[in-house]
Amino acid sequence: QVQLVESGGGLVQAGGSLRLSCVASGSIFGINTMAWYRQTPGNQRDLVAHIIKEGTTNYADSVKGRFTISRDNAKNTVYLQMNSLKPEDTAVYYCQMNILAGPFPLRTMDFWGKGTLVTVSS
């Protein structure tokens with residue numbers, strides 16, 4: 001079994017910063033892509049940022065220049081540094097990883113964390 005656990009959410013004033021972390025544990029034989037999504041009530045879950053194993057990143061237009069995604073492959077961890085936060089960034093943030101997982105036979109699957117709430121006050 002594989003589990004993803006996010007941390008780092010909370011309440012912050014507009015203009016502030018937060019750093020989210022997500023660590024994967026369990027029967028892991030390799031991690032391909034890592035990503036952060038966010039969702040507000042009544043809306044779909046939207047991609048915020050994405051990073052492949054080699055480090056290439058991609059961002060939603062709404063967060064470009066403010067958010068930075070990074071990964072530590074040795075720790076099976078993905079980070080999201082969020083700066084210059086705006087009230088419209090308020091959402092539940094979910095991490096997602098594409099993982100080669102056991103038990104045997106190994107399979108590549110998408111796994112999700114349970115989410116961490118980020119609230120930005122004006």
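Aromatic rings of Tyr37 and Trp112 (six-membered ring for Trp) have centroids within the 6.0 Å cut-off, being under it.
Using modelled atom types and a 3.5 Å distance limit, the side chains of Asp110 and Gln96 yield a donor-acceptor pair.
Both cation-pi conditions hold for Arg19 and Tyr79: the charged atom is under 6.0 angstrom from the six-membered ring centre and inside a 45 degree cone around its axis. In this structure, Arg38 fails the cation-pi test against Tyr94, since its NZ or CZ atom is not both closer than 6.0 Å to the six-membered ring centre and inside 45 degrees of the ring normal.
Linking Ile, Leu, Val, Met, Phe, Trp and Tyr whenever their side-chain heavy atoms come within less than 4.5 Å leaves Val92 and Met34 in two separate clusters. Residues Leu4 and Val23 fall into different hydrophobic clusters, defined by Ile, Leu, Val, Met, Phe, Trp and Tyr side chains chained together at heavy-atom separations under 4.5 Å. Side-chain heavy atoms closer than 4.5 Å link hydrophobic residues (I, L, V, M, F, W, Y) into clusters, and following such links, possibly through other members, connects Ile28 to Phe111. Residues Tyr93 and Leu117 fall into different hydrophobic clusters, defined by Ile, Leu, Val, Met, Phe, Trp and Tyr side chains chained together at heavy-atom separations under 4.5 Å.
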Tell me, with the steps shown, if Lys86 and Asp89 meet salt bridge (Lys or Arg N to Asp or Glu O under 4.0 Å). CA-CA 5 Å; Lys86 304 175 181 180; Asp89 294 317; over 6 Å; no
Run the side chain to side chain donor-acceptor pair (under 3.5 Å) test on Ser17 and Asn83 for me, step by step, so that the C-alpha distance in whole Å, both residues' side-chain angles and the decisive distance to 0.1 Å come before the verdict. CA-CA 4 Å; Ser17 298; Asn83 298 328; 2.9 Å; yes
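Of all heavy-atom pairs between Leu47 and Ala35, the closest is CD1-CB, 4.0 Å.
Contact of the Glu6 side chain with the Trp36 side chain is registered, since non-hydrogen atoms from C-beta on lie closer than 4.5 Å. Within the 4.5 Å cutoff, the side chain of Val48 has heavy atoms near those of the Leu80 side chain. Side-chain contact between Glu88 and Thr90: absent, with no pair of heavy atoms (C-beta onward) separated by less than 4.5 Å. The side-chain heavy atoms of Arg71 and Ile31, taken from C-beta on, include a pair separated by under 4.5 Å. Side-chain contact check for Ile99 versus Met109: every heavy-atom pair is 4.5 Å or farther apart. Considering only heavy atoms from C-beta on, Met97 comes within 4.5 Å of Val78 through its side chain.
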